[in-house]
Amino acid sequence: MQACGQVFFKDSSMGGRMVAEYNPREIEPKWQKFWEEHNFNRTDEEGQKKYYVLEMFPYPSGRLHMGHMRVYSIGDVLARFLRMRGFSVLHPMGWDAFGLPAENAAIERQVHPAQWTYANIEAMRKQQKALGISYDWEREVATCAPDYYKWTQWLFILFYNRGLAYKKKAAVNWCPHCNTVLANEQVEDGGCWRCSSEVVVKDLEQWFFRITDYAERLLDDLKLLSGWPERVRTMQENWIGKSEGAQIRFPIKGSERHIPVFTTRPDTLYGVTYMVLAAEHPLVDELTLGTPQEVTVHAFVAKTRKLTDVARSSTEMIKEGVFTGAYCINPVNGEEVPILVGNYVLLGYGTGAVMGVPAHDQRDFEFARKYDLPMRVVISPRDNYLQAEDLTEAFVDEGVLVHSSLFDGKPNVAVKKEITEYLVENNWGEAKITYRLRDWLISRQRYWGAPIPMVYCDHCGTVPVPEEQLPVLLPEDVVFKEGGKSPLADHPAYLHTTCPACGGDARRETDTMDTFIDSSWYYFRYTDSQNDTLPFAKEKSDAWVPVDQYIGGIEHAILHLLYSRFFTKVLHDAGFTSAVEPFTRLLAQGMVNKDGAKMSKSKGNVVSPDEIIEKYGADTGRLFILFAAPPEKGLDWSDRGVEGCYRFLKRVWRLVDRYADAVSHVGSERSTADESDLTLRRAMHTALKKVTDDIEERFNFNTAISSVMEAVNAAYSYMNEKEDNIHPGIMAEILEMVVLILAPFAPHLGEEMWVRLGHSESVHLQDWPTYDPAALVVSEVEVVVQVNGKVRSRLTLPAGLNAEAMQQLVVSDERITQLVADKQVIKVVTIPDKLVNIVVR
RNA sequence: GCCGAAGUGGCGGAAUUGGCAGACGCACUUGACUCAAAAUCAAGCGGUCUCUGACUGUGCCGGUUCGAGUCCGGCCUUCGGCACCA
């Protein structure tokens, strides 16, 4: 830290006699200006103990909301605390600045997205500074800046060169409101994640990232993330959706072709009685063309394809199917089974075909009953031979195989592997792992994003833009039209270019990248934000990445966190980072609500950070937001609660104000400490120990703050008892500790009080105090006396007695003697210095 | 339906390893200061009763234990996530 060691008030009015009242409106801007002028939060790159604290960077929507204030408050307490603990802390901030709202603003208000975005950044940065958050602003990044998206494009080409970016025609999710495609992860309940409009499926040629190549590692390495909340890991695990099973080829009767089918239940293979294809399955047309079934099947397919994905994936949807007229052959027993087309089979999962085993799969069971398809039991409980006709539901429990030729009598769990081996031996199929995860669709038909740096040439095909021509800049002279296609596609000067390979006429790709790409690598850029030859240098990023503590909203449990993990792994494989995971610890902070509901304009329950800063100051707002609930839980905003925190800070202020002069001249006149002096000192050191543990190990800022309050309450009791007759040495120690441990929470007040106590160096440059174990020693303890587990008395006993001595003292207590008098003592349980329980009959 | 988290005063929440349930704060009540109010300081504050004491109490039912908010079994409710995944 550069500003370290600087005497800060000799050259200014910083240390002037303070005003009598706590006035955050005066002191907060004063210290913010001081920190800024002295570049106070600049990262120390030389330190040995490094810690990277990162809050998810915001989208520059215009104003900060309480959710932002909460994340930043959490991050800043940690950053300031860790600096006092001797760490070199990297604590940067930036802007996830590409995205649709800017473009919509452009359409609505005729203001260029860049202008709108940068104005918002200005406004929000100002708010962050008004909160007193200790960011190293020299590392600020904005993903929409050409010197940032140049490297986003560079990384796209890296992915392309590694075979991880490819273009294909596929059925993709289209949001009709946003006029662009979406990745699978960005569809929630069949709606667009941003605007909730129902998405429709379109066949389009689009760019994808091959995230499925990393499915296994993304799943496996979740094991490394013990510092993540379990629910986030589980969500990712479910999203990746690994299934192990077999892929089996069913030859089509009277054809050279076959239908590949994925199943997790190869043990039920002898029970297959029909086959169902997805409506979009390429074999459907082939099987029915020119047959009597053609018209029926065609009508069914058309009807099914018209259904939205929401309707199709709803459990309420009625399962329907039609017979194609064709049959395929079960390879293991040579049986002919009918091929149907069904509305519940998804082309995107497995092979788009399902083998029907109605006796052992509930869905198949219902479907078979409805269409009167045959049913065969192939797994039966050992002691009870099942008959297909008797079944009222599918038998899905474990059992032994029947009607399964060579495998009869064997337990079905073991047979899964054996049947798979049997399939391999006969070349009928093989073991197969399927994932629910799909490749990441990254094209967006919008303007305000990083252009995909690709060129299409009639001679050379698809050609990446060479590095020296990066960035491919967004043209500024574009026209934004309501509901239209991307302005880039309508911009001839942008569209027409020359081929980097042959120099001939060529066309640019006019799609831009999903903004989640921008945010998948920004935490690397912070470590080397000025680099103009690489996105970041390995030695710089290796000093900090992985991020030690990442903090953000749970809404990114899959999206941003999965994509960032993928990016880190690719960058690792390409030799750019040693990290295999981007975020060692993750804190998913809860929402800020008011009156039991999410803050929203329509409910009229919005409280803005600005009004809180204006009325009470940033320190009070920060303190309340951390005090009201543990960080990972929802927080209910309470105006009364805020006032309580304001009161507390004023209480601290008055305490320090009253004794600052007395304790700043502590000299040889110190008196001998009496009992109440020592009690106060014990309260302080107890609080200090608890605050340290709460921040460091548990992130329980709410209980940390309550401990500081207890210490301050103890100081008030002491003050009321002693008035001016205090022990100056102990009072000095108490006041300094209170100010030091409060400083990360209320940094402005901390600074002001520290000066008031006669110091000439910033409180934020001080070492975190360590508690004195000697101060915690007590001579007497209160021991609870129970009879049969019920509290009957409390005795004050000397500390450190052994069990026997405690029991003797307890039994001789008059109250207890009476209670136990005519009873038989069965046993006595003793917890030293705490409790004695006498069990009687 | 499946997976996960949670359920404690009037409210937000605490109790970290099975050992005094309700820390801390809010609200409320009372006292001091004041002509008065605000601010501030101090005291009280789960419920019930026969009130210097006892009983009862951490979603419900049961269990383990000298002792359970905490551990075990079975439910109920709320909130998140996933959901024809073959």
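These values consider heavy atoms only, across backbone and side chains, with no hydrogens, waters or symmetry-generated copies. Chain A is the first sequence line, chain B the second, and so forth, proteins listed ahead of strands; every chain is numbered from 1.
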Heavy atoms only, 4.0 Å cut-off, all strands: where does [X] land among base, sugar-phosphate and nothing?
| X | answer |
| --- | --- |
| Arg438(A) | nothing |
| Gly644(A) | sugar-phosphate |
| Glu782(A) | base |
| Glu230(A) | nothing |
| Lys690(A) | base |
| Ser638(A) | nothing |

Between [options], which one does the side chain of [X] approach most closely?
| X | options | answer |
| --- | --- | --- |
| Thr703(A) | rA14(B), rG4(B), rC82(B) | rA14(B) |
| Arg436(A) | rC85(B), rG25(B), rG81(B) | rC85(B) |
| Leu346(A) | rA27(B), rC85(B), rA15(B) | rC85(B) |
| Asn837(A) | rA86(B), rG13(B), rC66(B) | rC66(B) |
| Asn702(A) | rG13(B), rG19(B), rA86(B) | rG13(B) |
| Val791(A) | rC85(B), rA23(B), rA21(B) | rA21(B) |
| Asp694(A) | rA39(B), rU16(B), rA86(B) | rU16(B) |
| Arg698(A) | rA15(B), rC3(B), rU40(B) | rA15(B) |
| Arg231(A) | rA86(B), rG4(B), rA23(B) | rG4(B) |

Rounding to an integer number of Å, can you tell me how far [X] [atom1] sits from [N] [atom2]?
| X | N | atom1 | atom2 | answer |
| --- | --- | --- | --- | --- |
| Asp636(A) | rG7(B) | CG | C1' | 16 Å |
| Arg792(A) | rG19(B) | CZ | C1' | 16 Å |
| Leu835(A) | rG67(B) | CG | P | 13 Å |
| Arg640(A) | rG10(B) | CZ | C1' | 14 Å |
| Glu237(A) | rC82(B) | CD | P | 15 Å |
| Asn700(A) | rA23(B) | CG | C1' | 13 Å |

Please report the distance separating the [atom1] of [N] from the corresponding atom of [M], rounded so that it comes out in whole Å.
| N | M | atom1 | value |
| --- | --- | --- | --- |
| rA37(B) | rG25(B) | C1' | 25 Å |
| rU50(B) | rA38(B) | P | 36 Å |
| rA27(B) | rG46(B) | C1' | 15 Å |
| rG69(B) | rG18(B) | C1' | 11 Å |
| rU70(B) | rA21(B) | C1' | 11 Å |
| rA23(B) | rC11(B) | P | 15 Å |
| rG9(B) | rG22(B) | C1' | 7 Å |
| rU40(B) | rC33(B) | C1' | 9 Å |

Could you go over nucleotides 41-43 of chain B and give all protein N or O partners under 3.5 Å, atom names and distances?
unit_1  : atom_1 : unit_2    : atom_2 : d
rC41(B) : OP1    : Arg651(A) : NH1    : 2.8
rC41(B) : OP1    : Arg654(A) : NH2    : 3.0
rC41(B) : O3'    : Asn720(A) : ND2    : 3.4
rA42(B) : OP1    : Asn720(A) : ND2    : 2.9

### Query
Can you name the nearest heavy-atom pair linking Met806(A) to Leu801(A), along with the distance?
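Smallest interatomic distance, heavy atoms only, reads CG-CB, 3.8 Å.
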### Message
On a heavy-atom basis, which atom in Val785(A) and which in Ile838(A) lie closest, and how many Å separate them?
### Response
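So the minimum-distance heavy-atom pair works out to CG1-CD1, 4.4 Å.
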### Task
Please state whether the base of rC82(B) and the side chain of Asn238(A) form at least one donor-acceptor pair under 3.5 Å?
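No.
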### Task
Give, ordered by number, those residues of residues 353-365 of chain A having at least one heavy-atom distance below 4.0 Å to an atom of RNA chain B; if nothing qualifies, reply none.
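Of all residues in residues 353-365 of chain A, the ones placing a heavy atom under 4.0 Å from RNA chain B are Val354(A), Arg363(A).
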### Of Lys633(A) and Gly352(A), the one whose closest RNA chain B nucleotide lies more 5'
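On the 5' side of the pair lies Lys633(A).
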### Query
Would rG9(B) be called syn or anti, given that syn covers angles within 90° of 0?
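This nucleotide is in syn.
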### Task
Indicate syn or anti for rC51(B), taking the glycosidic torsion and treating anything within 90° of 0 as syn.
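It is syn.
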### Message
What's the separation between atom CD1 in Ile259(A) and atom CG in Leu283(A), rounded to the nearest 0.5 Å?
### Response
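If I round to the nearest 0.5 Å, the distance is 6.0 Å.
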### Gap separating the CG atom of Leu373(A) from the CG atom of Leu340(A), nearest 0.5 angstrom
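Rounded to the nearest 0.5 Å, the CG-CG separation comes out at 6.0 Å.
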### Query
Relative to Tyr716(A), does Arg651(A) satisfy both conditions: NZ or CZ under 6.0 angstrom from the six-membered ring centre, and within 45 degrees of the ring's axis?
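The answer is yes; both the distance and angle limits are met.
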### Message
Show me the dot-bracket string of RNA chain B, counting Watson-Crick or G-U pairs under 3.5 Å, with | for pairs to another strand and [ ] for crossing ones.
### Response
(((((((..(((......[....))).(((((.......))))).((((...))))..(((((..]....))))))))))))....
### salt_bridge(Asp657(A), Lys650(A)) N-O dist < 4.0 Å
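Salt bridge flag = no for Lys650(A) with Asp657(A).
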